[in-house]
Amino acid sequence: MTETYVCPHCGTTQERSYRVRLIIVTCPECGENGRHVHASYVDLLDEVPEEDKPDEWSRMPLDERLLDAVKRGLVDLRFS
C-alpha cells in the first residue's frame, strides 16, 4: 500500500510506501525542495472555514497553511 504526498508549491503528488505527516523532498515537477504534506491533511485544510483563514492563506505554500492551522488549533494532526 502506498501513501500520497502533495507538493506545497505546485500540488503535484508523489507516492511513498510509508505514512508520515510530512516528507522533505524535491518535487519532480516544479523542482522546489519542501515539506510535502500527506494528502489526508490537504483534505483537512480544505475544511477550514473561510472566516478562520488569514488574508494571505491562498498565497501561502501548503505546508505553511498546515502549520498555521495547527498552531491556531484548526487542524488536528493525529492520523485516524
Side-chain angles (χ1 to χ4, degrees):
M1 185 165 134
T2 61
E3 300 291 333
T4 304
Y5 296 87
V6 182
C7 176
H9 303 286
C10 72
T12 296
T13 60
Q14 293 188 50
E15 300 295 318
R16 293 292 191 265
S17 61
Y18 46 83
R19 184 173 184 165
V20 294
R21 294 177 178 104
L22 303 163
I23 58 172
I24 299 175
V25 295
T26 300
C27 177
E29 192 66 31
C30 71
E32 293 287 333
N33 190 28
R35 297 173 292 213
H36 292 220
V37 177
H38 192 276
S40 65
Y41 294 131
V42 176
D43 295 339
L44 288 176
L45 288 174
D46 290 341
E47 296 174 9
V48 172
E50 286 299 318
E51 63 270 10
D52 290 332
K53 296 176 181 176
D55 293 338
E56 64 276 4
W57 182 268
S58 64
R59 295 184 305 273
M60 295 168 69
L62 183 61
D63 58 334
E64 289 181 21
R65 279 186 256 161
L66 177 63
L67 296 175
D68 178 71
V70 168
K71 183 173 24 173
R72 294 188 299 121
L74 301 171
V75 172
D76 183 359
L77 285 186
R78 290 178 287 177
F79 284 118
S80 54

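Nothing here was measured: the structure is a model prediction, and the numbers come from that model.
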So His38 and Tyr5, would you call those rings parallel, tilted or perpendicular, with 30° and 60° as cut-offs? perpendicular

If Ile, Leu, Val, Met, Phe, Trp and Tyr residues are connected whenever their side-chain heavy atoms lie under 4.5 Å apart, and connections chain through other members, are Val25 and Tyr18 in the same group? yes

Output the distance between atom CG (Leu66) and atom CG (Leu44), rounded to the nearest 0.5 Å. 8.5 Å

Testing the 3.5 Å rule here: is there a donor-acceptor pair between the side chains of Thr12 and Glu29? no

Spacing of Glu3 atom CD and Ser17 atom OG [to the nearest 0.5 Å]: 9.5 Å

Return each pair, listed once, that meets side-chain hydrogen bond (donor to acceptor under 3.5 Å, both in side chains) where at least one residue sits in residues 55-65; pairs must be two or more places apart or across chains. Arg35-Asp63

Kindly give the heavy-atom pair with the smallest separation between Lys53 and Val48, and that separation in Å. CE-O, 3.1 Å

Asp76 side, atom CG; Tyr41 side, atom OH - distance, nearest 0.5 Å: 7.5 Å

So do Arg72 and Pro54 actually touch side chain to side chain, heavy atoms under 4.5 Å? yes

Using 0.5 Å steps for rounding, measure from the OG1 atom of Thr26 to the CD atom of Gln14. 9.0 Å

For Leu45 versus Ala69, what's the shortest heavy-atom pair and its separation? CD2-CB, 3.8 Å

Between His36 and Cys27, is there a side-chain heavy-atom distance shorter than 4.5 Å? yes

Given the rule that I, L, V, M, F, W and Y join up when any side-chain heavy atoms are under 4.5 Å apart, are Leu62 and Leu67 in one cluster? no

